[in-house]
Protein chains: 2
Amino acid sequence: MSIKYAILGLLSWRPSTGYDLKKIFEESSIMYWSGNNNQIYKTLIQLLDDGLATNEVLHQESTPSKKLYTITSKGAKALKEWVLSTPELPEFKKTFLVQLAWADQLDEKELDDLLSRYENEINIQLLMQQEKARRGINSPKRTTREAYLWDMISENIISSYKNELDWIRNVRKEMKI
Amino acid sequence: MSIKYAILGLLSWRPSTGYDLKKIFEESSIMYWSGNNNQIYKTLIQLLDDGLATNEVLHQESTPSKKLYTITSKGAKALKEWVLSTPELPEFKKTFLVQLAWADQLDEKELDDLLSRYENEINIQLLMQQEKARRGINSPKRTTREAYLWDMISENIISSYKNELDWIRNVRKEMKI
DNA sequence: CAAACCATGTAAGCTGTTACATGATTTC
DNA sequence: GAAATCATGTAACAGCTTACATGGTTTG
């Protein structure tokens, strides 16, 4: 899957500019793209070309004019089709595991130091995710069911970090025996 | 991180040909690259150019000749440096969560069907990982500590799928209330 | 006799990243 | 007066994927 449907989804929530989308990608955990201009503005043009969105130029005083993109009925249809399509498998890209695979060359201290740095990083991420969930503003809550779905999404991410943290703590604990 | 250090790591285990590496990538869960020729053969040439590996052409009767790559001391040093470097954060790329985010437009049956398909896929993956771990052959066991590290790596992957499975089951359960 | 395996390589293309470019306005 | 925000866009390049190309050998 490319960023296309992620953007289409956001537009199905509310009309947005490229700049709006960029900010959402930057702070979103599930929409894992970096939110770089290149991809966003190009994809928006592609959505226009494919008739999945329209745009409207808004001239403003004192701030630069912006292009507000709105999903079309064709776009909404394409989104629904995609939502119904067979889910892709999650991808766990854990470079740290590749590092660990060749870590037997380290001495005890070096290895524990490496493990401890990873534990720390994961812990920070977990706290950040929990803080995000606690504030939990930027999510659509058009129905109770939608609110529930977004809660579950947030919980999924938190549980992934918790799982990782449990794992690394256990590795360190058993390492010391 | 690119595939470079993953290959360097494998070469630190034992000298290999591009074809050997390809097969390892194909069946490996932690080394998440697809194992396509393009990347592997190009990276091997790059390792040669950088003096991190050497190769030796082995002419064989009846099968095509092959190039056996061996890590150099410079390569081993570069690998150790990388292993000691600050770990990257894990990346969880779960397209399914993006799908779920816009799934409130589905009716009850469609949504449960979607969830159930995901549960199934995850379950299959979990069983495959457990089977791989049970067979557990293709891993270096040069010391007991190395064997332990590889066990922990395998457990990490399994726990990730278990966590995902628990999550999706819980979502489905609470959905029905 | 077809399919899979051994073995190396190239071409084309998609996805994604960082950095560059511009310029007004608001906040510190 | 510097830095951040609003706002759109381009250039260059890294990383990765699928498919193509070749050709002998082994297995079913």
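Side-chain atoms are counted along with the backbone in the values below, which use heavy atoms only and exclude waters and symmetry mates. By convention in this document, chain letters (A, B, ...) are assigned in the order of the sequence lines, proteins followed by strands, and residues within each chain are numbered from 1.
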Under 4.0 Å: is that the gap between some side-chain N or O of [X] and OP1 or OP2 of [N]?
{"X": "B:T17", "N": "C:dT8", "value": "yes"}
{"X": "B:Q39", "N": "D:dG15", "value": "no"}
{"X": "A:Y41", "N": "D:dG9", "value": "no"}
{"X": "B:K42", "N": "D:dC16", "value": "no"}
{"X": "A:S34", "N": "C:dT17", "value": "yes"}

Inter- and intrachain pairs under ring-ring contact (aromatic ring centres under 6.0 Å, His included), touching residues 131-153 of chain B, at least two apart: A:W102-B:W150
When you get a sec, tell me which of D:dT8, D:dC16, D:dC20 is the closest nucleotide to the side chain of B:N37? D:dC20
If you only use heavy atoms from C-beta on, which nucleotide in D:dT8, C:dT17, C:dT10 is closest to the side chain of B:N38? C:dT10
A:E88 with B:K94: basic N within carboxylate O range, under 4.0 Å: no
Do the side chains of B:K141 and B:E146 get close enough for a salt bridge, i.e. N-O under 4.0 angstrom? no
At 10 degrees resolution, what angle do the end axes of the helix from C:dC1-D:dG28 to C:dC28-D:dG1 form when each is taken over five base pairs? 40°
First encountered from the 5' end of DNA chain C, between B:I45 and A:N36: B:I45
